[in-house]
Amino acid sequence: MTEHSNKIADDEIDLGLFRHWLNAIFVYPLSLLFSNVKTTLVFLILALLVSFGLKFALTKTYKCSFIIRPNERNERVHVRMLNDVQSLLKLGDSKGLAQELKVDLKMAKSIESMEVTNFAFAKDRADSSNTSLIILELKDYSQALPIQNAILNYLENNPYFKKIKGYQKTNIELKTQLIDKDILFLDSLKKMQLSNYDKLKVNETTAILLKDLINPTATYTLSLERLNQKAGLLGQSMFLDNFQLVKGVVVSEKHSWPPRTLIMLIFFIPVFLILCVLFLHIKSRRSSKKILA
C-alpha cells in the first residue's frame, strides 16, 4: 500500500513539474506578448526593419562552380597550387592575388572566396576520377568567366606544367612530320605499283619478289595505319593542355548572399519575439519590486 501511494505521489510531482515547464515555456511568454500588444508590435517592426536593412546593406555575393581534370591521372600538384590562391584570399591580399593570377586588381577584389574539392581523395567523393570542383563566391557575377579562365591559365603557365606541354607538343610535331613523309612515300609507291601492275614480266626467279613488290594491298594497309596514327596525334594535340575544362561556370544574376527577405524574416521575427519576452519579463519584475517596496 505504501509503495503504491509513493508511486502516485511521484507521478503527481512529475505532472506538476511538466505543467510548470509548459507554463514557463509557452503560456507565460504568450500571455506577456498578448497582454502588451503595443510593445510586441514595436519588436515585430524592429524585426522587419532589421531584415530589410540587412538585405540592402550586406554585400551581395554570387556563387558559381567549374570542374577541371588534369591529363595525368595521378597529378595532385594543382591542388596545392590552388591552396596558395585560397591562402591569399583568406589573408585578404588582393594585390598578391592579382599578381599570382595575372589579373587586374578590380577582378581580384571581386573574388570573395574559393573552395577546391578533388574527388580522387575526398572522403565523400562522388567518384574516383581525378577531377577537381572549384566553387567561387564573387561580388560581381560578370567576372565569373574571366576568373575561371584566369585560374586555368594560372595552372597552365606554371613552369612545371609548361615544360610538360612543350615536350608533348614537340613530340607530336616530330611524329607528325615522320608520318607525313611516310604517307607521301606510300602514295608514290601505290601509284607506281598500280601503273606497273600489268606491265612487268615475271619469270621463275623473280616471281616471288615481284609478287610482293607490285601487290598494292600491303601498301594500302600500311597507309591506313599511318593515317590512323596521324588521327591519334591530332586527337592528342587537341588535348595538349595539361588541364581540361570538364564543366564551365554557369553565370546567374541571382545572388546567393544575403538570403531572401522571407528567410531573414523567418529567422529575425522569432529572435525579436524572444527579446520582447525578456524585455517584458524584466519590466514586470521591476514593477512588482516597486509595488512590494
Side-chain angles (χ1 to χ4, degrees), residues 21-67 82-83 85-94 97-98 101 103 105-117 122-124 126 132-148 150-151 247-287:
W21 281 108
L22 186 67
N23 180 69
I25 295 172
F26 295 104
V27 179
Y28 177 66
L30 289 174
S31 64
L32 280 176
L33 292 172
F34 284 107
S35 60
N36 297 273
V37 177
K38 289 182 179 180
T39 306
T40 304
L41 286 174
V42 169
F43 274 85
L44 286 174
I45 291 169
L46 285 173
L48 289 170
L49 292 174
V50 169
S51 298
F52 283 102
L54 288 176
K55 178 71 176 179
F56 293 102
L58 293 174
T59 304
K60 293 180 181 178
T61 57
Y62 306 82
K63 270 193 175 182
C64 61
S65 65
F66 62 97
I67 299 174
L82 293 174
N83 286 342
V85 176
Q86 287 178 295
S87 299
L88 289 171
L89 284 169
K90 289 176 181 177
L91 292 171
D93 188 358
S94 298
L97 184 64
L101 294 180
V103 297
L105 191 59
K106 181 183 176 182
M107 189 182 295
K109 286 182 176 179
S110 70
I111 307 174
E112 188 72 16
S113 66
M114 184 176 76
E115 182 182 343
V116 181
T117 303
K123 292 181 180 178
D124 56 344
S132 293
L133 171 67
I134 301 170
I135 301 174
L136 296 171
E137 191 172 1
L138 309 173
K139 296 176 184 175
D140 183 2
Y141 64 87
S142 65
Q143 299 293 333
L145 189 59
I147 290 169
Q148 169 198 278
I151 292 172
K247 185 198 81 71
V249 292
V250 177
V251 182
S252 175
E253 296 181 10
K254 299 292 183 182
H255 59 270
S256 59
W257 179 263
R260 292 163 52 191
T261 307
L262 180 61
I263 295 173
M264 297 183 77
L265 287 172
I266 291 171
F267 173 77
F268 280 112
I269 286 176
V271 170
F272 274 82
L273 286 176
I274 291 169
L275 293 174
C276 182
V277 170
L278 291 173
F279 172 77
L280 292 172
H281 175 69
I282 294 169
K283 185 180 177 182
S284 63
R285 290 283 298 272
R286 286 178 179 176
S287 298

Nearest atoms (heavy-atom pairs only) where [X] meets [Y]:
{"X": "C64", "Y": "V250", "answer": "CB-O, 4.0 Å"}
{"X": "S113", "Y": "L89", "answer": "C-CD1, 4.0 Å"}
{"X": "Q86", "Y": "M114", "answer": "NE2-O, 2.7 Å"}
{"X": "S65", "Y": "K247", "answer": "O-NZ, 3.0 Å"}

Any side-chain heavy atom of [X] sitting closer than 4.5 Å to one from [Y]?
{"X": "I67", "Y": "S132", "result": "no"}
{"X": "V42", "Y": "K38", "result": "no"}
{"X": "I151", "Y": "L136", "result": "yes"}
{"X": "L101", "Y": "V85", "result": "yes"}
{"X": "V277", "Y": "L33", "result": "yes"}
{"X": "L133", "Y": "I135", "result": "yes"}

Original post:
What residues, two or more places apart in sequence or in another chain, satisfy ring-ring contact (aromatic ring centres under 6.0 Å, His included) together with F272?
Top reply: none
Subject >> Check against side-chain contact (heavy atoms from CB on, under 4.5 Å), S110 and I147 >> reply: CA-CA 9 Å; S110 70; I147 290 169; 3.6 Å; yes
Subject >> Set of side chain to side chain donor-acceptor pair (under 3.5 Å) partners for T61, sequence neighbours left out >> reply: E137
Subject >> Steps toward side-chain contact (heavy atoms from CB on, under 4.5 Å) verdict (F268, L54) >> reply: CA-CA 11 Å; F268 280 112; L54 288 176; 3.4 Å; yes
State the [atom1]-[atom2] distance between [X] and [Y], to the nearest 0.5 angstrom.
{"X": "E115", "Y": "L82", "atom1": "CD", "atom2": "CG", "answer": "12.5 Å"}
{"X": "K254", "Y": "Y141", "atom1": "NZ", "atom2": "OH", "answer": "10.5 Å"}
{"X": "L88", "Y": "D93", "atom1": "CG", "atom2": "CG", "answer": "5.5 Å"}
{"X": "I263", "Y": "F267", "atom1": "CD1", "atom2": "CZ", "answer": "12.5 Å"}
{"X": "I269", "Y": "M264", "atom1": "CD1", "atom2": "CE", "answer": "11.5 Å"}
{"X": "F279", "Y": "S284", "atom1": "CZ", "atom2": "OG", "answer": "10.5 Å"}

Original post:
Does atom NZ of K60 have more than 12 heavy-atom neighbours from other groups under 6.0 Å away?
Top reply: no
Subject >> Neighbour count above 12 (heavy atom, 6.0 Å) for K106 NZ >> reply: no
Subject >> salt bridge (charged side-chain N to carboxylate O under 4.0 Å, His left out) against E112, all qualifying residues, sequence neighbours excluded >> reply: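 Partners of E112 by the salt bridge (charged side-chain N to carboxylate O under 4.0 Å, His left out) criterion, ordered by chain and then number, come out as K139.
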Original post:
For F43, which of T40, T39, I45 qualifies under side chain to side chain contact (heavy atoms under 4.5 Å, CB included)?
Top reply: T39
**OP:** Using atom types as modelled and distance alone, determine if a side-chain donor or acceptor of K63 lies under 3.5 Å from a backbone N or O of L138.
**Re:** no
Subject >> Trace of the side-chain contact (heavy atoms from CB on, under 4.5 Å) decision for L273 with L44 >> reply: CA-CA 7 Å; L273 286 176; L44 286 174; 3.8 Å; yes
